[in-house]
There are 2 protein chains.
Amino acid sequence: MDLPQKTFENLPDKKRERVLAEATLEFAEHGYHQASVNRIVERLGIAKGSLFKYFGNKQGIFEYIFGHAVNQFKKPLKDIRNTTSGKDFFERIEKSLLAGCTFITAHPHIYRIYLKMLFQEDFPLRNTFLSEVRQASTKFLRPLVDQGIESGQLRNDLDPEMAVFHLDSVMDRFLQSYAVAHLDGGIGLYEADHEVLENKARAVTDFLRHGLGTTS
Amino acid sequence: MDLPQKTFENLPDKKRERVLAEATLEFAEHGYHQASVNRIVERLGIAKGSLFKYFGNKQGIFEYIFGHAVNQFKKPLKDIRNTTSGKDFFERIEKSLLAGCTFITAHPHIYRIYLKMLFQEDFPLRNTFLSEVRQASTKFLRPLVDQGIESGQLRNDLDPEMAVFHLDSVMDRFLQSYAVAHLDGGIGLYEADHEVLENKARAVTDFLRHGLGTTS
DNA sequence: AGATAAGGTGACCACCTGGTCACTTCTATC
DNA sequence: GATAGAAGTGACCAGGTGGTCACCTTATCT
């Protein structure tokens with residue numbers, strides 16, 4: 001067969017999933033360049049030639065894994081927006097935070113690769129992928145902010161773009177703290193269980209609601 | 001000479017600085033493992049053996065560069081705390097943001113290495129360095145928050161740890177947006193000039209002051 | 001001028017990398 | 001059971017890696 005992709009698609013489901021899982025893990029642990037095809041095939045117990053028949057080359061493996069990752073990440077956002085439509089703005093933010101944590105728990109390796117990609121310039125697909133993800137994030141938040149202003153829950157003198165930036169900063173860091181040590185500044189988010197996460201998500205949204213100052 | 005460090009210290013200032021500059025750039029561009037000793041010596045026009053005489057091994061190069069980096073980063077924070085003592089809380093935050101930008105402009109490569117280190121687990125010194133930096137950051141913010149509450153500028157029902165987390169999130173992201181594309185969510189922070197930075201720093205602190213909501 | 005020691009060199013090493021391809025093995029169809 | 005074609009294999013390749021070390025060059029001191 002000429003198309004390398006086809007061979008892989010024909011594989012039995014179980015094997016196909018095992019290959020993807022092992023490859024994803026390797027990229028999650030080592031990033032792109034430091035990831036080793038030799039290690040992947042060794043762990044899988046298959047020959048190196050097979051993997052290259054499936055995906056053509058190393059970049060092909062990576063692109064196959066990340067081809068569908070963006071959509072996996074976009075869908076929960078859409079669900080949140082639809083199911084919480086009309087609800088309180090800060091409640092929607094809170095729900096979004098918890099949805100993010102759920103995604104990370106379900107796809108921890110994908111999230112690790114994404115984080116590595118953030119500051120490592122030589123990842124394949126980096127520009128297209130990052131701009132897509134960032135755009136999805138702001139495209140999700142912007143309508144929430146606009147609706148929040150309309151309904152009178154947010155100050156009507158807000159700069160919406162600045163509000164999106166602010167929300168994005170805090171929410172991203174919340175998720176990073178859940179997934180990576182060192183970043184939670186001692187508030188105990190790292191690998192916290194569901195109950196703790198709910199409390200912290202509530203506390204964070206309260207800060208957003210009230211601000212820090214007494215002069216408002 | 002037995003001590004490899006000594007040889008390097010004896011070098012003429014100009015050469016020593018050139019070696020450090022070139023090595024720092026290499027690590028900033030490629031991270032630790034992907035950085036190439038061959039490329040460094042090639043750019044410097046010296047023999048590989050020389051570099052190994054100076055630093056012993058690759059990790060030695062990296063550790064020499066980062067040995068003093070922490071202090072370079074801590075000093076501006078101390079200066080800010082001392083020179084703005086007694087001033088308005090949000091003004092101090094604003095000044096800190098701009099000081100961060102100044103540091104990044106002065107040491108762009110160090111900051112790039114730090115960002116890469118955040119999510120790449122196999123950096124040498126990562127644990128010690130990261131915990132030191134994060135601790136410095138919270139140790140800087142905590143007294144500011146405490147004093148802000150005491151002086152009545154911050155709500156007295158604040159959870160100080162949560163406040164520090166919140167400030168840290170927004171400030172970190174502000175600096176990342178200044179240094180890395182993709183992250184500023186369209187508010188134009190990336191490589192912005194001084195005037196723009198001042199405006200944005202003001203806007204961000206205003207958000208912190210007032211919060212987002214109308215119910216306060 | 002000769003001696004001593006430091007600095008500087010680059011061919012060489014073992015090891016690992018992504019990638020290839022002639023070959024074997026399996027499996028389904030007739 | 002023969003045949004066709006897909007799936008699987010692993011020795012092999014060129015190129016890059018961090019690291020070594022016997023040798024050479026330069027500077028300093030008596």
Side-chain angles (χ1 to χ4, degrees), chain A residues 1-20 22-27 29-66 116 120 122-125, chain B residues 1-20 22-27 29-66 116 120 122-125:
Chain A
M1 183 52 62
D2 22 305
L3 287 170
Q5 218 188 19
K6 188 67 192 312
T7 302
F8 183 65
E9 305 282 4
N10 287 343
L11 254 45
D13 288 12
K14 203 157 186 178
K15 175 163 186 180
R16 215 173 53 228
E17 281 161 21
R18 224 170 69 82
V19 170
L20 285 180
E22 215 69 56
T24 307
L25 176 62
E26 177 71 15
F27 284 119
E29 282 182 337
H30 298 102
Y32 179 75
H33 286 286
Q34 198 62 15
S36 160
V37 179
N38 290 332
R39 267 197 303 258
I40 296 175
V41 297
E42 194 183 340
R43 278 202 298 242
L44 284 169
I46 66 172
K48 203 192 322 194
S50 301
L51 212 58
F52 281 93
K53 272 232 172 72
Y54 301 159
F55 302 107
N57 54 27
K58 186 181 182 180
Q59 185 158 339
I61 309 173
F62 185 78
E63 293 189 1
Y64 189 94
I65 291 171
F66 255 58
K116 283 182 165 43
Q120 210 167 337
D122 50 6
F123 257 87
L125 300 179
Chain B
M1 182 53 63
D2 22 305
L3 288 171
Q5 216 187 21
K6 189 67 191 313
T7 302
F8 183 64
E9 304 283 2
N10 287 343
L11 254 45
D13 287 13
K14 203 157 185 178
K15 176 162 184 179
R16 214 173 53 228
E17 282 161 21
R18 225 170 69 81
V19 170
L20 285 180
E22 215 69 56
T24 307
L25 176 62
E26 177 71 15
F27 285 119
E29 282 183 336
H30 302 284
Y32 179 75
H33 286 286
Q34 198 61 14
S36 159
V37 179
N38 290 333
R39 266 198 302 259
I40 296 175
V41 297
E42 194 182 340
R43 276 202 298 243
L44 284 169
I46 66 173
K48 204 195 313 199
S50 300
L51 212 58
F52 281 93
K53 273 231 172 72
Y54 301 159
F55 302 106
N57 55 27
K58 186 181 182 179
Q59 186 159 339
I61 309 174
F62 186 78
E63 292 189 1
Y64 188 94
I65 290 171
F66 254 58
K116 282 182 167 40
Q120 210 168 336
D122 51 7
F123 258 88
L125 300 179

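This is a predicted model, so every value here is computed, not measured. Numbered from 1 within each chain, the chains take letters A, B, ... in sequence-line order.
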What's the shortest heavy-atom distance between A:Lys48 and A:Asn38, and which atoms?
NZ-OD1, 2.9 Å

How bent is the helix from C:dA1-D:dT30 to C:dC30-D:dG1, comparing axes over its five end pairs at each side, to the nearest 10°?
10°

Find the distance between CD (B:Glu22) and CZ (B:Arg18) and round it off to the nearest 0.5 Å.
6.5 Å

Taking NZ from A:Lys48 and C1' from C:dC16, how many angstroms apart are they, rounded to a whole number?
9 Å

Check the surroundings of atom CD in B:Gln59: do more than 12 heavy atoms from other residues, nucleotides or ligands lie under 6.0 Å from it?
yes

Calculate, to the nearest 0.5 Å, the distance between atoms OH and CG belonging to A:Tyr54 and A:Leu51 respectively.
7.5 Å

Tell me whether the NZ or CZ atom of A:Lys58 lies within the 45° cone about the ring axis of A:Tyr32 and under 6.0 Å from its centre.
yes

Heavy atoms from C-beta onward define the side chain here; which of C:dG8, D:dT9, C:dG7 lies closest to that of B:Asn10?
C:dG7

Could you tell me how far apart B:Leu11 (CG) and C:dG7 (C1') are, to the nearest whole angstrom?
8 Å

Test your reading of the model: is there a side-chain donor-acceptor pair from A:Glu26 to the backbone of A:Val37, 3.5 Å cut-off?
no

When the distance from CD1 of B:Ile61 to C1' of D:dG18 is rounded to whole Å, what number comes out?
10 Å

To the nearest 0.5 Å, what is the distance between CG on B:Asn57 and CZ on B:Phe62?
13.0 Å

Closest of D:dT9, D:dG19, D:dA7 to the A:Ala47 side chain is D:dT9

Over how many whole Å does the gap from A:Lys6 atom NZ to D:dA7 atom P extend?
8 Å

In Å and rounded to the nearest 0.5 Å, what is the OG1 to CD distance from B:Thr24 to B:Glu17?
11.5 Å

Provide, to the nearest angstrom, the distance between the CZ atom belonging to B:Phe52 and the P atom belonging to C:dC12.
18 Å

Please state whether the phosphate of C:dG7, meaning OP1 or OP2, lies under 4.0 angstrom from any side-chain nitrogen or oxygen of B:Ser50.
no

Looking at D:dA7, I'd like to know if its phosphate oxygens (OP1 or OP2) sit under 4.0 Å from a side-chain N or O belonging to A:Tyr54.
no

Between A:Tyr64 and A:Phe8, ring centroids under 6.0 Å
yes

If you check every side-chain atom of B:Lys15, which of C:dG8, D:dT9, D:dG19 has the closest atom?
C:dG8

Nearest-Å distance, CD (A:Glu9) to C1' (D:dA7)?
15 Å

At less than 4.0 Å, is any side-chain N or O atom of A:Lys58 found next to OP1 or OP2 of C:dG18? Yes or no.
yes

Reported CG-to-CZ distance for the pair A:Leu125 and A:Phe66, which is rounded to 0.5 angstrom:
8.5 Å

Out of D:dG19, C:dG8, D:dG8, whichever nucleotide has its closest atom nearest the side chain of B:Asn57
D:dG19

What residues 35-46 of chain B contributes to the DNA chain D interface at heavy-atom separation below 4.0 Å is B:Ala35, B:Ser36, B:Val37, B:Asn38

Using a 4.0 Å heavy-atom cut-off to protein, can you give one letter per nucleotide of nucleotides 22-30 of chain C, 5' to 3': B if the base is in contact, S if only the sugar-phosphate is, - if neither?
---------

Should B:Gln34 and A:Gln120 be marked as a side chain to side chain contact (heavy atoms under 4.5 Å, CB included) after you check the CA-CA gap, both sets of side-chain angles, and the distance that decides it?
CA-CA 11 Å; B:Gln34 198 61 14; A:Gln120 210 167 337; 5.8 Å; no

A:Leu51 CG to C:dC21 P: how many Å, rounded?
17 Å

Rounded to the nearest 0.5 Å, how far does CG of B:Asp122 lie from NE2 of B:His33?
3.5 Å

From CD of B:Gln34 over to P of C:dG18, roughly how many Å is that when rounded to an integer?
10 Å

